[in-house]
Amino acid sequence: MTQATPKPQTLYDKIWNDHVVKHSSAAQDNGLDLIYVDRHLVHEVSSPQAFDGLRAAGRPVRRPDCTLATVDHNVPTGFRDKKVHDLGSLVADPESRAQCAALETNVKDFGLSYFGLQDRRQGIVHVIGPEQGFTLPGITCVCGDSHTSTHGAFGALAFGIGTSEVEHVLATQTILQKKSKNMRITVDGELLEGVNSKDVILHIIGVISASGGNGCVIEYSGSVIRGFSMEARMSICNMSIEAGSRAGMIAPDGVTFAYLKNRPLAPQGETWDRAEAYWRTLTSDEGAKFDVEVNIPASDIIPSVTWGTSPQDVVPITGSVPDPASFSNPDRQRAAERSLKYMDLVPGTRMEDIKIDNVFIGSCTNGRIEDLRSAANIVLAAGANATVAPGVYAMVVPGSSLVKLQAEAEGLDVVFKRAGFDWREAGCSMCVGMNEDQLLPGKRCASTSNRNFEGRQGAGGRTHLLSPAMAAAAALRGKLADARQFLHKSAQSTVDLVLPSDHIAAEPVPIPVLEFTSKKIPTAASDNVSAKVFRVWRGVAAPMYIENIDTDMILPKQFLKTIVRTGLKHGLFYNVRNDAGAAHFILDRAPFDKATILVSTGKNFGCGSSREHAAWALDDFGIRCVIAPSFGEIFRSNCFQNCMLPVELSVEECRALASDAEAGLELVVDLERQEITRGDHAPMLFTTDPFRRTCLLNGFDDIATTMQDDAAIAAFEQRRSQMWPWLDGIGYAGKKVKVKSAGASAMEW
Ligand SMILES: CC(C)[C@H](C(=O)O)[C@@H](O)C(=O)O
Ligand code: SF4
C-alpha cells in the first residue's frame with residue numbers, strides 16, 4: 001500500500017502543529033487550540049496585575065525555568081552608579097519605582113530568573129531574549145508586549161499578549177489561540193545602495209498598510225531577507241505588529257545558527273546537534289498554501305521615512321508630504337488630515353526640508369549593536385569635525401546593557417560623544433517615554449523606534465520613523481536627511497573607518513542558577529465562573545470616524561504605570577480629549593458622555609500596543625462593546641478577557657450604525673441572538689467565535705477552564721522533554737546553586 005503524501009505545510013503550520021496540547025473540541029466548535037508556550041518573557045508594565053491574579057487564586061508559576069524577567073520600560077537611562085542597588089535611589093519617579101519594585105517582589109515570590117537594573121544582562125525584553133539564546137528556532141514565545149513578534153526572526157512563533165493572558169501563561173504555560181491565516185511577503189532582488197532593513201519594513205508597511213496583516217502570521221522570504229543578518233531580520237519581524245500582524249517569522253538557516261551558537265542559554269554539544277537537525281526542518285514546504293502572497297521588488301525600496309501618525313504613512317526620503325485628498329477612502333482621508341494637523345505639516349513639503357529638534361536612536365527595533373554601528377558609520381563618514389546640528393538634542397540608547405558594553409569596546413560611544421550625541425544606559429527610553437526621556441510638546445523627533453502615534457514619545461511630540469543611519473544623518477543636518485549623501489561623502493573622507501560588518505557576539509555571560517524560592521502555593525478550588533457576564537448590552541453609542549485608532553490614543557502611556565486594573569476612565573483618550581477641550585471631544589458631550597458602546601467606521605481599531613489597560617479604561621468608562629470593521633488582534637483578545645464584546649461588521653454597516661449613534665438612537669447588542677437592533681431598522685446580524693461567546697454568556701474564566709486540562713498539559717510536557725530536551729530551561733532549571741551576579745546585593749539576589 002502506498003502511503004499518502006503528507007500535505008505541504010508552511011513554517012507557521014509546522015510550529016503550530018508541534019505545540020498543540022489540545023485541539024478545539026468539535027463538540028464545542030470553539031476554533032481555539034490550546035498551545036504550549038516554550039518561552040515567556042516578562043516586564044514590569046504588563047505583569048503586576050497578572051502576578052496579583054496568581055496570588056489571589058493561590059497559583060504558582062508552572063514553568064519558572066521557561067520564564068525570564070527584566071525591567072525596561074520605566075528605567076531611567078541616565079548615569080547608573082554601579083555601587084547603588086536600591087530602587088529608591090535608582091528610580092526617582094514613584095510610579096515607575098512601584099512597578100519595578102512590584103516585579104522584584106514577584107520574581108522573588110515566584111522564583112523567576114530576573115535581570116535587574118544593575119545586572120549587565122538587563123535590557124529591552126526583545127533584545128535580551130535573543131542575546132541570551134533564550135529565543136530559539138521552532139519555539140512558541142510570548143510576552144505581555146506587542147513587539148514579541150521580534151523573536152519570529154529565529155523561525156519562532158512569537159506574539160504579544162495582554163495581561164490576563166500573561167496570567168494564563170504563568171499559571172498554565174499554555175495559551176488559547178485561534179490559528180491565523182498564512183501570509184508570505186517575498187522581497188527579491190538587489191537592494192539599492194544605502195537601503196537597509198528598516199527601510200525595507202517601512203516600505204512593506206507603506207505597501208500593505210497598518211491593517212494589511214490583520215488575521216495573518218507573516219512569513220518573510222526572498223533573497224533580500226536571506227541576505228540579512230539576524231539583527232536586520234529582528235528589525236523586520238519586530239514591526240510586523242505595525243503591519244497589523246501579531247507575528248512575523250523567518251525560516252532559520254545558517255545565519256540563525258551562527259548567531260545562536262554558544263549563547264548562554266542555547267543548547268550545547270550533542271544537544272545542539274540534535275536541535276540543529278530539528279531546526280533545519282523548519283522551512284515552508286514546496287507547494288505549501290499561503291492565503292495571502294505579497295511580492296516586493298527590492299529595487300522599489302528607497303530609504304524611507306514616515307510623515308504622519310500611523311506607521312503606514314511612509315514616503316521615500318526623496319519624496320514629499322502627500323495631500324490627504326489623494327486618498328480615496330474617506331476614513332483614511334480624515335486620518336491623514338488629522339495627522340497633518342498634529343504633525344504641523346503642509347502637503348507638498350519636501351521631506352528633506354523638515355527641520356527636527358530631537359533624535360532618538362534606540363528601541364527594540366533598532367537598539368542593537370549593528371544599529372549603533374550603522375549610525376556611528378554615518379557620523380564617521382561625515383568627517384572628524386562633524387557635530388550634531390545646533391539646537392538638536394540627539395540621544396543614543398543601547399537596547400541592552402550588553403549592547404552598551406559591546407559598543408564601548410568598539411569605541412562607538414566615543415564616536416557619538418565626540419559629535420555631541422548623548423550616550424545613555426539601556427532601556428525603552430523615548431520610544432514610549434514611560435521614564436524621564438520624553439519628547440516635549442511641539443518638538444519633532446527623528447526616531448529609530450516603531451510607532452509614530454500621536455503623543456507616543458511625549459504628549460504633543462511629533463515622530464518621524466526612520467533607520468539608524470537616517471537618524472544619524474538627520475542629527476548632523478538638523479533636518480530629515482538622505483543618509484546616502486553621507487555615505488557618498490565618505491568615499492572622499494579622510495577618516496579611516498573600519499567597522500566590523502559581521503555581528504560580534506556579546507560576551508557570553510553565564511546565567512546564574514536560581515534556587516526555586518517560592519513557597520508551595522495551594523491550587524484554588526476549581527471554580528471557572530467569574531463575576532461578570534455579557535448577554536444583552538444596550539445604550540447610546542459614541543461614533544468615531546478615523547482608521548487605525550491605536551491603543552496609545554485610547555490610553556496614553558502615563559496611565560500604564562498603575563499596578564491595578566481599575567480607575568482608568570480619566571485616562572481614556574486623554575490627549576485627544578485635552579486637545580479638543582472638554583466640551584468638544586465626543587465622550588465629553590451629552591448624550592455620549594454616558595455611552596456604553598463605541599462605533600468606529602475606521603478599520604483596525606485598537607491596533608498597536610498590547611496594553612490591556614486600553615480595554616480596562618473603556619470598561620471603566622462604561623463602554624463594554626466596541627463595533628468596528630476590524631480590530632487590532634491583541635486588543636480584541638483583551639476585550640474578551642474582560643467580558644467585553646468586540647463586534648466586527650462591514651464598513652457600510654458600521655457607517656449605518658454610526659449615523660444612528662449620531663442621532664442618539666439607542667443600540668441593543670444581543671450576544672445570545674448575535675444581533676444588533678436599533679429603532680425600527682431590521683436587526684443587524686454578527687458572528688462571534690463560539691467559544692468566546694459561551695465564555696461571555698456564562699462568565700467562564702479561561703484559566704480555570706484550561707486548568708481542567710492539566711493532564712493533557714503534563715503529557716505534552718513529557719513528550720516535549722523527550723523530543724526537544726533543550727526546551728526545558730537549561731543552566732538554571734531545578735539546580736540548587738546559590739545565586740551570584742554582578743554586584744550581588746539585595747536587589748540582584
Ligand atoms: C507596555 C507594553 C504593553 C507596550 C506594548 O505592548 O507594545 C509597549 O511596549 C509599547 O511599545 O507600547
Ligand atoms: S516598542 Fe518601545 S516601549 Fe515597546 S518594548 Fe519596544 S522599545 Fe520598549
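When side chains are defined from C-beta on, R246 counts as touching I161, because their heavy atoms get closer than 4.5 Å. With a 4.5 Å cut-off on side-chain heavy atoms, V91 and L117 count as touching. Within the 4.5 Å cutoff, side-chain heavy atoms of L340 are placed close to those of P324. No side-chain heavy atom of P468 sits under 4.5 Å from any side-chain heavy atom of L372. The closest side-chain heavy-atom distance from M553 to I546 is below 4.5 Å. Put simply, the side chain of N638 does not reach to within 4.5 Å of the side chain of F631, judged on heavy atoms. In this structure, the side chains of R338 and M343 stay at 4.5 Å or more apart for every pair of heavy atoms.
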Derivation and outcome, side-chain hydrogen bond (donor to acceptor under 3.5 Å, both in side chains), residues S449 and S363: CA-CA 5 Å; S449 53; S363 88; 5.4 Å; no
Side chain to side chain contact (heavy atoms under 4.5 Å, CB included) evaluation trace for M430 with S447: CA-CA 9 Å; M430 205 190 268; S447 176; over 6 Å; no
Steps toward side-chain hydrogen bond (donor to acceptor under 3.5 Å, both in side chains) verdict (Q406, E131): CA-CA 12 Å; Q406 179 71 35; E131 196 167 72; over 6 Å; no
Verdict with supporting geometry, S401 and Q122, side-chain hydrogen bond (donor to acceptor under 3.5 Å, both in side chains): CA-CA 6 Å; S401 302; Q122 173 271 342; 3.0 Å; yes
Check against salt bridge (charged side-chain N to carboxylate O under 4.0 Å, His left out), K341 and E337: CA-CA 6 Å; K341 190 156 168 246; E337 277 160 13; over 6 Å; no
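A salt bridge links D313 to R332: at least one charged side-chain nitrogen sits closer than 4.0 Å to a carboxylate oxygen. With salt bridges taken as basic N to acidic carboxylate O contacts below 4.0 Å, none links E193 and R484. A salt bridge links E352 with R477: the distance from a Lys NZ or Arg NE/NH1/NH2 to an Asp or Glu carboxylate oxygen falls below 4.0 Å.
Side-chain atoms of S304 come within 3.5 Å of backbone atoms of I302 as a donor-acceptor pair (strictly under, hydrogens ignored). Between the side chain of R424 and the backbone N or O of V396 there is no donor-acceptor pair closer than 3.5 Å. Put simply, the side chain of S245 never gets that close to the backbone of I241: no donor and acceptor are under 3.5 Å apart. Under a 3.5 Å cut-off, the side chain of E454 and the backbone N or O of D552 do not form any donor-acceptor pair.
No hydrogens or angles considered: a donor-acceptor pair under 3.5 Å links the side chains of D437 and T77. Checked by atom type, the side-chain pair T306/H464 shows no donor-acceptor distance below 3.5 Å. One side chain, D422 or Y393, offers a donor N or O that lies under 3.5 Å from an acceptor on the other. No hydrogens or angles considered: a donor-acceptor pair under 3.5 Å links the side chains of T150 and N238. Side-chain polar atoms of S240 and Y220 form a donor-acceptor pair below 3.5 angstrom. Between the side chains of S630 and N604, no donor-acceptor pair is found at a separation under 3.5 Å. Using modelled atom types, one finds no donor on one side chain facing an acceptor on the other under 3.5 Å when comparing S229 with R368. No hydrogens or angles considered: a donor-acceptor pair under 3.5 Å links the side chains of N74 and S96. E547 and Q312 form a side-chain donor-acceptor contact under 3.5 Å, judged by distance and modelled atom types alone. Checked by atom type, the side-chain pair D145/S610 shows no donor-acceptor distance below 3.5 Å.
Pairing each heavy atom of I208 with each of A243, the nearest pair is CD1-CB, 3.9 Å. Shortest non-hydrogen contact noted between S609 and S146 is CA-OG, 3.6 Å. Of all heavy-atom pairs between I361 and A471, the closest is CG1-CB, 3.9 Å. For the pair Q558 and N575, the tightest heavy-atom approach, listed with the atom from each and the gap, is NE2-OD1, 4.0 Å. Across all non-hydrogen atoms, the minimal contact from F327 to P322 is CZ-CG, 4.5 Å. The nearest pair of heavy atoms linking C143 to L41 is SG-O, 3.3 Å.
No more than 12 heavy atoms of other residues, nucleotides or ligands sit less than 6.0 Å from atom NZ of K603. Other residues, nucleotides and ligands contribute over 12 non-hydrogen atoms within 6.0 Å of the CG atom of D353. Within a 6.0 Å sphere centred on OH of Y574, other residues, nucleotides and ligands contribute 12 heavy atoms or fewer.
Aromatic ring centres of H570 and F559 lie closer together than 6.0 Å.
The structure places NZ of K569 at 14.0 Å from CG of L555, a figure rounded to the nearest 0.5 Å.
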